Amino acid sequence: MKERIFSGMRPSGRLHLGNLLGALDNWIRLQDDYQCFFGVVDWHALTTGYEDTSDLRENVGEMVLDWLAAGIDPERSVILRQSDIKEHAELHLLLSMVTPLSWLERVPTYKEQLRELEGREIATYGFLGYPVLQAADIFMYRATRVPVGEDQLPHLELSREIARRFNNLFGPVFPEPEAILNKVTLLPGIDGRKMSKSYQNEIPLAASPEVILDRVSMMITDPARVRRNDPGHPEVCTVYSFHGVFGKETLSQLDEECRSAGIGCVQCKKNLGRLMGEFLEPIRSRREDLAADPDLVRSVLEEGASRARAVAQETMGEVREAMRL
């Protein structure tokens, strides 16, 4: 049998280009070599967004459509909604009984997010314990591999520690998951910061050519290049960073033209908008076709839940037996 993978995303709306290059591209490739379980982790969305859940169901559907349009294949991978598999909650509860509080308090992103989201009431039990829920998600499908970025390695190491502790207490039930480091293409948002919907600096995955061009036109360029005939410094230009992904073949030529003022920023942005539009057009077109079927998302999630639940019930049967429950 192929090794299993689990990975998930919080449903926070339609995906953007950073999600594609940072995670989805890797997921799509992994489908060929692994048995993949991909979760829309709606309970995780509550850890920092429990106050307003009015868009949560809609966001789940939008995310599934984006996954399908990008290339996640429900025939080869299990696409599941976390809250459809109640066993995740049971395993989270049982794991929380054996996870020391100090392990959770030392997770780097815990204090970082408390600082970054200062003013919001997220100092909750659920927010502190969300790494245990992450571990439950992974363990539920006996995943031996988890695709992560380097910044997520501490979370995965915590999962490995929880698996070791559980296995030492009750017997060898869970494998210790290994990381598959994502090949991540980091792109900034249009304002130079990390691309994020919360910053409103993103480029939607299924954006129309007009929207792409509009977003690209707002990108920050070399602040020292005030006039058209001023020489540029492409290494500090957001537009040039994007050309490094979507226009690799002509990047050296663009570098020379920018430094010699052979091309202006307006034209450079237009060229980038065209390249990005051509790159994203197949995804946008597929998404429109998929969205035309009002029952598609429901059927994909129902089938995914059925397949995932069969594995989850087997796992929880072994967990209860090991714990003498």
Side-chain angles (χ1 to χ4, degrees), residues 9 12-29 62-63 65-72 182-292:
M9 288 187 191
S12 56
R14 294 175 68 160
L15 300 184
H16 55 68
L17 193 56
N19 301 128
L20 175 67
L21 300 179
L24 273 178
D25 269 355
N26 290 299
W27 289 11
I28 293 164
R29 285 191 291 268
E62 297 289 357
M63 177 167 282
L65 284 174
D66 281 335
W67 285 5
L68 296 174
I72 301 299
N182 288 341
K183 297 177 182 178
V184 176
T185 302
L186 293 176
L187 281 176
I190 61 174
D191 58 0
R193 294 183 293 174
K194 177 183 177 182
M195 189 177 291
S196 170
K197 286 186 286 290
S198 61
Y199 295 149
Q200 297 184 332
N201 66 354
E202 80 280 11
I203 296 174
L205 190 60
S208 67
E210 294 76 21
V211 169
I212 293 170
L213 191 57
D214 180 63
R215 301 297 280 171
V216 170
S217 71
M218 293 187 284
M219 283 185 179
I220 295 175
T221 54
D222 179 3
R225 194 175 186 193
V226 180
R227 293 175 295 275
R228 165 66 177 79
N229 58 350
D230 288 338
H233 305 83
E235 65 275 6
V236 301
C237 178
T238 300
V239 177
Y240 183 78
S241 298
F242 276 78
H243 271 286
V245 175
F246 300 102
K248 292 179 181 179
E249 297 82 1
T250 57
L251 191 63
S252 59
Q253 178 184 342
L254 178 62
D255 184 284
E256 181 180 337
E257 290 178 341
C258 179
R259 295 184 190 278
S260 64
I263 188 173
C265 295
V266 173
Q267 185 59 51
C268 188
K269 288 180 175 180
K270 288 181 178 178
N271 294 345
L272 175 61
R274 175 181 53 79
L275 291 170
M276 292 177 62
E278 292 172 355
F279 177 83
L280 291 174
E281 173 58 26
I283 295 176
R284 186 183 70 82
S285 179
R286 280 197 299 270
R287 195 186 196 283
E288 286 185 354
D289 291 340
L290 294 167

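Only heavy atoms go into these numbers, but all of them, side chains included; no hydrogens, no water, no symmetry mates. Since we're looking at a predicted model, the values are computed, not measured.
Checked by atom type, the side-chain pair Asn271/Arg274 shows no donor-acceptor distance below 3.5 Å.
When every heavy atom of Pro234 is checked against every heavy atom of Asp255, the shortest pair comes out as CG-OD2, 3.5 Å. When all heavy atoms of Pro204 and Leu280 are compared, the closest pair comes out as O-CD1, 4.2 Å. The two residues Val236 and Pro223 come nearest to each other via the heavy atoms CG2-CD, 4.5 Å. Residues Pro188 and Thr238 come closest through the heavy atom pair CG-CG2, 3.8 Å.
Under the 4.5 Å side-chain criterion, counting only non-hydrogen atoms from C-beta, Pro209 is in contact with Arg284. In this structure, the side chains of Tyr240 and Leu272 stay at 4.5 Å or more apart for every pair of heavy atoms. Side-chain atoms of Leu17 and Phe242, non-hydrogen and from C-beta on, do get closer than 4.5 Å to each other. Contact annotation: the side chain of Arg228 never approaches that of Val266 to less than 4.5 Å [non-hydrogen atoms, C-beta and beyond]. Two residues are said to be in side-chain contact when any heavy atoms from C-beta on lie closer than 4.5 Å; Val216 and Met219 meet this criterion. Contact annotation: the side chain of Asn19 approaches that of Lys197 to within less than 4.5 Å [non-hydrogen atoms, C-beta and beyond]. Looking only at side-chain heavy atoms (C-beta outward), Leu24 and Ile72 come within less than 4.5 Å of each other.
A donor-acceptor pair is defined here as one N or O able to donate and one able to accept, closer than 3.5 Å; no such pair exists between the side chain of Ser285 and the backbone of Glu281. Proximity of a side-chain donor or acceptor of Thr250 to a complementary backbone N or O of Gln253 within less than 3.5 Å is not detected. Side chain of Asn201 to main chain of Asp191: no donor-acceptor pair is present (N/O by atom type, distance under 3.5 Å, no hydrogens or angles).
With values rounded to the nearest 0.5 angstrom, Arg286 atom CZ is found 11.5 Å from Asp66 atom CG. Rounding to the nearest 0.5 Å gives a distance of 11.0 Å between CD1 of Ile283 and CZ of Arg287. The distance from atom OG of Ser217 to atom CD1 of Ile212, rounded to the nearest 0.5 Å, is 12.0 Å. Taken from CG in Leu21 to CG in Asn26, the straight-line distance is 9.5 Å, to the nearest 0.5 Å. The distance from atom CZ of Arg225 to atom SG of Cys258, rounded to the nearest 0.5 Å, is 5.0 Å. For the atom pair CD of Glu202 and CZ of Arg14, the computed distance is 11.0 Å after rounding to the nearest 0.5 Å.
Residue-environment remark: CD (Glu235) exceeds the threshold of 12 foreign heavy atoms within 6.0 Å.
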request  = Any chance you could lay out the side-chain contact (heavy atoms from CB on, under 4.5 Å) test for Cys268 and Leu254, step after step, and finish with the verdict?
outcome  = CA-CA 8 Å; Cys268 188; Leu254 178 62; 3.8 Å; yes
query = Going through the distances and angles, do Leu213 and Glu210 end up as a side-chain contact (heavy atoms from CB on, under 4.5 Å)?
reply = CA-CA 5 Å; Leu213 191 57; Glu210 294 76 21; 6.0 Å; no
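Across Leu15, Ile203, Leu205, a single residue satisfies side chain to side chain contact (heavy atoms under 4.5 Å, CB included) together with Leu20, and that is Leu205.
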